[in-house]
Colleague: 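Pasting a structure below so you can have a look.
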Amino acid sequence: MKFMNTQVWQINKDNIDSTLISKAGQILKDGGLVAFPTETVYGLGGDALNKEASAKIYGAKGRPSDNPLIVHIASLEDMKKITMDVPEAAIALANAFWPGPLTMIFQKTELVPMETTGGLNTVAVRMPRDEVALALIAAAGGYVAAPSANTSGRPSPTKAIHVKEDLDGKIPLILDSGSAIIGLESTIVDMTGEVPTILRPGYITKEMMEQVIGKVEIDRGIVADNSDVKPKAPGMKYRHYAPKAAMTIVDGEKEAVIAKINGLVTEAKANGQKAAVLAAEESIARYHAHVVKSLGSRENELEIAANLYDALREFDHLEVDVIYSESFATEQLGQAIMNRLKKAAGQRVIEV
Ligand code: TXA
Ligand code: MG
């Protein structure tokens with residue numbers, strides 16, 4: 001891949017510079033890549049209907065080519081050209097949650113190249129809420145394929161600087177409009193079966209969808225802790241969202257968790273390792289590791305979600321050897337938080 005000079009353009013969300021957005025849209029129309037903000041994480045965009053652009057996305061991320069991309073749209077009307085057999089429940093979900101952090105999977109039309117869908121006959125579609133994202137998608141002609149803008153396997157980017165860390169020199173442009181407000185990737189729901197099925201938990205929960213359309217299932221491949229069941233979203237099978245250091249989650253009653261983590265830290269120190277702890281604000285003062293990071297208060301799951309990936313990336317900068325993390329509630333948004341945290345830990349969980 002040839003080295004490019006990566007530009008970063010600041011875009012003010014409250015006063016979007018339409019000249020810059022048109023220029024960025026033109027790069028996409030010409031088959032180039034542009035990283036851009038969304039409310040979940042930063043995306044690495046390319047024209048979804050151009051197979052060369054999709055190939056470039058896989059190349060820049062170092063992503064396995066069987067892992068399909070999400071197609072981002074800016075109007076519900078535009079979905080018709082790329083999807084077939086859209087059930088009424090999907091329209092109800094779109095009306096309730098779009099624009100927003102929900103991705104739905106449908107049968108695709110011929111217009112969507114197999115390079116975009118990783119060889120599948122289905123396509124994942126999302127209409128993001130972020131105004132900069134919506135403006136860019138419209139300027140690009142309506143269909144922007146975008147995975148998270150990280151190198152494959154690393155934590156997803158919630159800030160433009162994270163994108164730069166991973167993709168500097170590999171893409172021509174990053175649009176920077178500050179931190180992503182949600183900080184975890186969208187909920188993915190498969191609408192092609194009898195019962196809508198969640199393939200990746202996110203901000204839009206099962207309960208929120210059930211209030212709109214009735215029964216929703218969760219893919220067994222993502223709930224079962226140590227199962228042989230393969231997740232249906234190809235991307236969910238990879239070790240992911242991971243810092244470089246080995247991470248272990250300690251789960252149980254608060255005092256027991258603190259005692260166990262401090263014991264592990266003492267052991268690590270004795271072995272000459274630099275140890276880090278990831279904890280809730282309420283308990284950070286209790287740890288004696290080299291590095292102790294707070295994800296925010298347990299009272300505020302939104303804050304914990306928004307801080308998670310940034311904290312994981314910071315451990316890389318601090319060059320820690322091992323990380324011990326508290327576990328977080330698995331209700332509602334906590335499900336998505338724990339799903340990402342467990343992946344980052346390669347599913348290593350110690351129960352105390
Ligand atoms: O919040 C998000 O969804 C972000 C922002 C940029 O919009 N995008 C994102 O994309 O997280 P990515 O590529 O990092 O994750 C997409 C996931 C992968 O796990 C992939 O396997 C799954 O969606 N996926 C995409 N198309 C699919 C399909 N047709 N069937 C099943 N899974 C699919
Ligand atoms: Mg990703």
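We number each residue from 1, following the sequence as shown. As the structure lists them, so they are numbered: ligands from 1, and atoms in each ligand from 1. No experiment lies behind these values; they were computed from the predicted model shown.
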Colleague: Heavy-atom contacts with Ile70 under 4.0 Å: which atoms of ligand 1 show up? List them by number with element.
Modeller: 3 (O), 8 (N), 9 (C), 10 (O), 16 (C)
Colleague: With the 4.5 Å side-chain cut-off for hydrophobic clustering, are Ile323 and Val292 part of the same group?
Modeller: no
Colleague: For Leu120, take its heavy atoms, then give the atoms of ligand 1 lying under 4.0 Å from any of them.
Modeller: 28 (C), 29 (N), 30 (N)
Colleague: Quick one: does Glu185 get an N or O within less than 3.5 Å of an N or O on ligand 1?
Modeller: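 Between Glu185 and ligand 1 (N or O atoms, distance only) the closest approach is not under 3.5 Å.
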Colleague: Ignoring hydrogens and angles, state whether a donor on the side chain of Glu185 or Tyr309 is under 3.5 Å from an acceptor on the partner side chain.
Modeller: yes
Colleague: Under 3.5 Å, is there a donor-acceptor pair linking the side chains of Ser186 and Arg200?
Modeller: yes
Colleague: If you measure every N/O of Lys61 against every N/O of ligand 1, is any gap under 3.5 Å?
Modeller: no
Colleague: Can you tell me if His72 has a non-hydrogen atom under 4.0 Å from ligand 1?
Modeller: yes
Colleague: Closer than 4.0 Å to some heavy atom of Ile188 - which atoms of ligand 1 meet that?
Modeller: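 With Ile188 as reference, the close atoms of ligand 1 come out as 17 (C), 22 (C), 23 (O).
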Colleague: With respect to the Mg ion (ligand 2), please indicate if Ser148 possesses an N, O or S atom at a distance under 2.8 Å.
Modeller: yes
Colleague: Quick one: do the Ser283 and Glu326 side chains pair a donor with an acceptor below 3.5 Å?
Modeller: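 Indeed, the side chains of Ser283 and Glu326 share at least one donor-acceptor pair under 3.5 Å.
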Colleague: Are any of the N/O atoms on Thr40, whether in the backbone or the side chain, positioned under 3.5 angstrom from an N/O atom of ligand 1?
Modeller: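 Thr40 vs ligand 1: N/O contact under 3.5 Å present.
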Colleague: Does ligand 1 have any atom that is closer than 4.0 Å to a heavy atom of Ala146?
Modeller: yes
Colleague: State whether a side-chain donor-acceptor pair under 3.5 Å links Arg340 with Ser156.
Modeller: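 Per modelled atom types, Arg340 and Ser156 side chains form no pair under 3.5 Å.
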Colleague: Should Leu93 and Ile105 be regarded as members of a common hydrophobic cluster, given that ILVMFWY residues are connected when their side-chain heavy atoms come within less than 4.5 Å of each other, either directly or indirectly?
Modeller: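 No.
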Colleague: Distance only, no hydrogens: is a donor on one side chain within 3.5 Å (strictly under) of an acceptor on the other, for Thr40 and Arg126?
Modeller: yes
Colleague: For atom 27 (C) of ligand 1, which of the options Ser186, Ala233, Pro68, Ala149 provides the nearest non-hydrogen atom?
Modeller: Pro68
Colleague: Of the listed options (Ser148, Ala145, Ala180), which comes nearest to atom 9 (C) of ligand 1 when hydrogens are ignored and any heavy atom counts?
Modeller: Ser148
Colleague: Determine whether the side chains of Lys108 and Asn121 contain a donor N or O and an acceptor N or O closer than 3.5 Å.
Modeller: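 Side-chain D/A pair, Lys108 to Asn121: absent.
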Colleague: Scan Thr116, Val71, Leu111 and name whichever one has a side-chain contact (heavy atoms from CB on, under 4.5 Å) with Leu49.
Modeller: Leu111
Colleague: For ligand 1 and Asn67, I'd like to know whether there is a polar contact (N/O to N/O, distance under 3.5 Å).
Modeller: yes
Colleague: For atom 30 (N) of ligand 1, tell me which residue out of Val71, Ile105, Val123 has the closest non-hydrogen atom.
Modeller: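 Among Val71, Ile105, Val123, the closest heavy atom to atom 30 (N) of ligand 1 belongs to Ile105.
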Colleague: What atoms in ligand 1 come closer than 4.0 Å to a heavy atom of Gly43?
Modeller: 6 (C)
Colleague: Indicate whether the side chain of Glu301 and that of Tyr203 have a donor and an acceptor atom separated by less than 3.5 Å.
Modeller: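 Absent: no donor and acceptor within the cut-off.
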Colleague: Within a distance under 4.0 Å of any heavy atom of Thr122, pick out the atoms of ligand 1 and give their elements.
Modeller: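 By the 4.0 Å cutoff, the relevant atoms are 28 (C), 29 (N), 30 (N).
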Colleague: Counting only nitrogen or oxygen atoms and a 3.5 angstrom limit, does Tyr42 reach ligand 1?
Modeller: no
